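These notes are about the structure you will find just below.
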Amino acid sequence: MSRGMDRVSITPLSFERFAPILGVRGALRLRSYIEDALELLDDRIVWHVNSTSKGGGVAEMLQTLLGYELGAGLDARWLVIDGDPGFFKLTKRIHHRLHGKNGDGGPLSKRERRHYAAISQRNAERVTSVVRPGDVVILHDPQTAGLAPALREAGALVVWRCHIGSDKVNGALKGAWEFLRPHLEHTHACVFSRRGYVPTWLGIPAVFIIPPAIDAFSVKNEPMDRATARSILRHIGLLDGATKNGNHLDFTRLDGSSGRVDRKAEILQTGPVPSWDVPVVVQVSRWDPLKDMRGVMRGFADRIEHLGDAHLVLAGPDVRGVTDDPEGARVYESCVARWRRLPAAVRDRVHLVCLPMEDVEENAIMVNAIQRHAAIVAQKSLHEGFGLTVTEAMWKGRAIVASAVGGIRDQIMDRRHGLLLRDPRDTGAFGDALSLLLRNRALARRLGRNARRRAASKFLGPRQLMQFVDLLYNLEQKRRPKRVSG
Ligand code: UDP
């Protein structure tokens with residue numbers, strides 16, 4: 001293995017900041033949930049375990065979920081497991097299959113089981129050396145499921161949270177569940193983002209449906225005025241004009257210290273950089289085939305004559321910066337190849353952006369600026385467990401065009417909070433939806449306002465924390481009788 005197990009450092013965050021959003025009653029309710037959790041856990045630790053501290057939705061969410069857990073007085077800690085390239089290739093395969101896709105088409109047979117078990121065992125040794133009996137361990141996604149048996153054996157309460165899923169059962173999905181099942185049967189509970197993702201086989205003692213949330217106050221989602229968004233975009237190379245004396249490039253980090261946007265983005269662009277008044281269609285995603293960045297490009301290019309002077313920005317993490325996503329570089333290269341084949345006049349209006357990943361918060365403030373500047377935020381995923389980028393855009397009041405797949409269907413109601421594509425592969429319908437919103441700005445504004453209200457009531461951190469406390473209660477009730485009889 002290339003590196004040791006990392007413990008990620010977390011900054012405590014206070015739920016008090018939610019008071020204006022929750023109102024007096026909502027804030028009191030939240031406080032009483034927090035007090036219940038403190039009493040229940042006493043001095044036990046809540047561990048979260050996943051496979052990367054940066055890049056992708058889970059890492060994004062854990063940063064602030066753990067921050068609020070700590071801020072509420074819980075002892076919450078985050079461990080990142082280790083693996084070799086073969087392990088991550090295999091877990092990416094499982095990831096795709098849980099979406100009902102074949103991924104790289106490789107096997108999930110005895111050899112893969114052995115490899116998965118060997119890496120899991122090494123990671124389990126490290127985790128069990130710090131976890132104490134009674135601690136709660138939340139394992140995230142397929143990379144960590146193999147730790148469940150050893151952790152249970154060590155006396156921990158083991159929860160597996162699956163952030164992906166498909167509600168259409170096919171051979172690929174069944175194969176992934178068969179692979180994971182022997183490990184998951186050792187958990188005390190499993191958490192899914194939507195009911196349709198729960199596998200039908202029995203053996204899971206408790207199932208909870210907890211949709212993910214975003215943090216309204218994180219660097220990625222905090223309020224940002226136009227001048228700041230434009231300054232940041234100018235600095236990273238996405239907007240025309242010079243940044244005046246580095247104005248508006250400062251931001252406040254989660255830990256309260258000050259940060260500054262120093263790095264630039266790596267941008268593939270041929271034409272003139274757009275000025276601030278040019279409408280921009282944006283998709284921010286990992287370079288993953290299921291995000292269909294190429295399809296976004298195609299939909300935009302095919303309808304370009306109906307899109308006025310709009311530009312398209314496809315932004316993702318610098319592919320060298322995300323260790324658990326070996327496919328990223330290949331997908332990015334295939335987007336570049338497609339981009340090179342675009343007619344020159346279209347290519348001039350399409351920007352492929354790799355955002356620096358060295359500093360997660362610098363990356364986040366760039367994403368914030370890009371999403372806020374967008375006339376339209378697209379999420380044309382072919383599959384999506386639950387699109388955090390969609391919630392981020394909703395919270396920012398953007399007009400959204402997204403695929404009616406997976407959790408996105410719970411996030412957006414078509415024509416109320418955005419426009420949904422019934423067929424995610426229909427690039428023509430995608431282009432038409434862009435064209436409609438670019439022409440009908442009143443509609444775009446109305447959808448954006450509705451989206452923001454919905455995000456505020458359904459997809460922010462307090463709701464997630466309260467559901468998590470309910471889960472703890474449920475587990476504890478199951479555990480207590482055993483303790484007495486044992
Ligand atoms: N993201 C980011 N920087 C990037 C690209 C993506 O911070 O360069 C974030 C994005 O803002 C979102 C997360 O990564 O918070 C992606 O989560 P989502 O649920 O949309 O997709 P996932 O990557 O988990 O499949």
Side-chain angles (χ1 to χ4, degrees), residues 50-65 91-92 95-96 98-99 101 140-143 161-166 193-194 211-216 218-222 232 236 238 254 263 265-267 282-293 313-322 324-325 327-328 331-332 335 351-372 374 377-396 398 400 402-403 405-408 410-412 455 459 461:
N50 84 324
S51 62
T52 182
S53 62
K54 53 184 180 178
V58 177
E60 171 72 25
M61 204 171 62
L62 289 184
Q63 270 296 343
T64 47
L65 177 63
T91 54
K92 195 73 208 273
H95 173 104
H96 282 301
L98 287 178
H99 277 302
K101 298 279 154 197
H140 294 266
D141 279 340
Q143 297 92 332
R161 183 167 185 183
C162 184
H163 297 269
I164 40 189
S166 166
S193 299
R194 57 189 329 243
I214 59 160
D215 179 19
S218 67
V219 173
K220 182 167 298 170
N221 298 309
E222 68 185 3
I232 293 173
I236 67 175
L238 260 180
L254 270 186
R263 295 180 181 82
E266 224 169 84
I267 308 179
V282 162
Q283 178 161 306
V284 178
S285 290
R286 286 179 300 110
W287 302 100
D288 181 304
L290 298 178
K291 306 294 181 184
D292 199 23
M293 295 284 227
V313 167
L314 297 176
D318 183 341
V319 287
R320 292 161 302 190
V322 187
D324 74 335
D325 192 1
E327 264 181 323
V331 173
Y332 173 69
C335 285
H351 312 261
L352 299 187
V353 182
C354 281
L355 297 173
M357 293 296 290
E358 288 86 349
D359 176 341
V360 182
E361 289 183 307
E362 185 189 46
N363 175 283
I365 197 93
M366 291 178 190
V367 170
N368 193 343
I370 293 173
Q371 288 172 330
R372 283 189 194 277
V377 171
Q379 195 57 57
K380 207 190 90 52
S381 304
L382 303 178
H383 279 263
E384 194 65 74
F386 196 91
L388 285 186
T389 50
V390 172
T391 308
E392 289 158 10
M394 291 171 77
W395 175 242
K396 293 176 183 111
R398 300 294 82 201
I400 300 167
S403 308
V405 295
I408 295 178
D410 300 329
Q411 294 169 274
I412 289 185
F459 301 122

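Treat the numbers as computed from the prediction; the structure is a model and nothing was measured. Just so you know, these numbers use all the heavy atoms, side chains as well, and skip hydrogens, waters and symmetry mates. As the structure lists them, so they are numbered: ligands from 1, and atoms in each ligand from 1.
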Heavy-atom nearest neighbour in the protein, as seen from [atom], with distance rounded to 0.1 Å:
| atom | result |
| --- | --- |
| atom 23 (O) of ligand 1 | R286 NE, 2.5 Å |
| atom 3 (N) of ligand 1 | N363 OD1, 3.0 Å |
| atom 15 (O) of ligand 1 | E392 OE2, 2.4 Å |
| atom 24 (O) of ligand 1 | G57 N, 3.0 Å |
| atom 21 (O) of ligand 1 | K291 NZ, 3.0 Å |

Mark the output for M61 as yes if a heavy-atom distance to ligand 1 is under 4.0 Å, and as no if none is.
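It does not; every heavy atom stays at 4.0 Å or beyond.
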
Within-shell test, A315 vs ligand 1, heavy atom, strictly < 4.0 Å
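No heavy atom of A315 comes that close to ligand 1.
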
Which one of V367, L388, D288 has a non-hydrogen atom at the shortest distance from atom 19 (O) of ligand 1?
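Going through V367, L388, D288 one by one, L388 has the nearest heavy atom to atom 19 (O) of ligand 1.
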
Pull out every atom of ligand 1 sitting under 4.0 Å from any heavy atom of [X], numbered as shown with elements.
| X | answer |
| --- | --- |
| V284 | 5 (C), 6 (C) |
| F386 | 19 (O) |
| K220 | 1 (N), 2 (C), 7 (O), 9 (C), 10 (C), 11 (O), 15 (O) |
| G316 | 8 (O) |
| L355 | 8 (O) |

Test applied, side-chain hydrogen bond (donor to acceptor under 3.5 Å, both in side chains); reference residue, S285; option that passes from K291, K380, Q379
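Running side-chain hydrogen bond (donor to acceptor under 3.5 Å, both in side chains) over K291, K380, Q379 with S285 returns exactly one hit, Q379.
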
Can you measure from [atom1] ([X]) to [atom2] ([Y]) and round to the nearest 0.5 angstrom?
| X | Y | atom1 | atom2 | value |
| --- | --- | --- | --- | --- |
| M61 | S218 | CE | OG | 12.5 Å |
| E384 | L290 | CD | CG | 8.5 Å |
| I370 | K220 | CD1 | NZ | 10.5 Å |
| H163 | N50 | NE2 | CG | 8.0 Å |

Between S285 and ligand 1, is there a nitrogen or oxygen pair with a distance under 3.5 Å?
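No; every N/O pair is 3.5 Å or more apart.
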
Does an N or O anywhere in P317 fall below 3.5 Å from an N or O of ligand 1?
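Indeed, backbone or side chain, P317 has an N or O that close.
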
Would you name the heavy atoms of W395 and I214 that are closest together and state the gap between them?
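It is CB-CD1, 3.7 Å.
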
Could you check whether any side-chain heavy atom of Q411 comes within less than 4.5 Å of a side-chain heavy atom of P211, counting everything from C-beta outward?
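When only atoms from C-beta onward are counted, P211 and Q411 do not touch, as no gap falls below 4.5 Å.
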
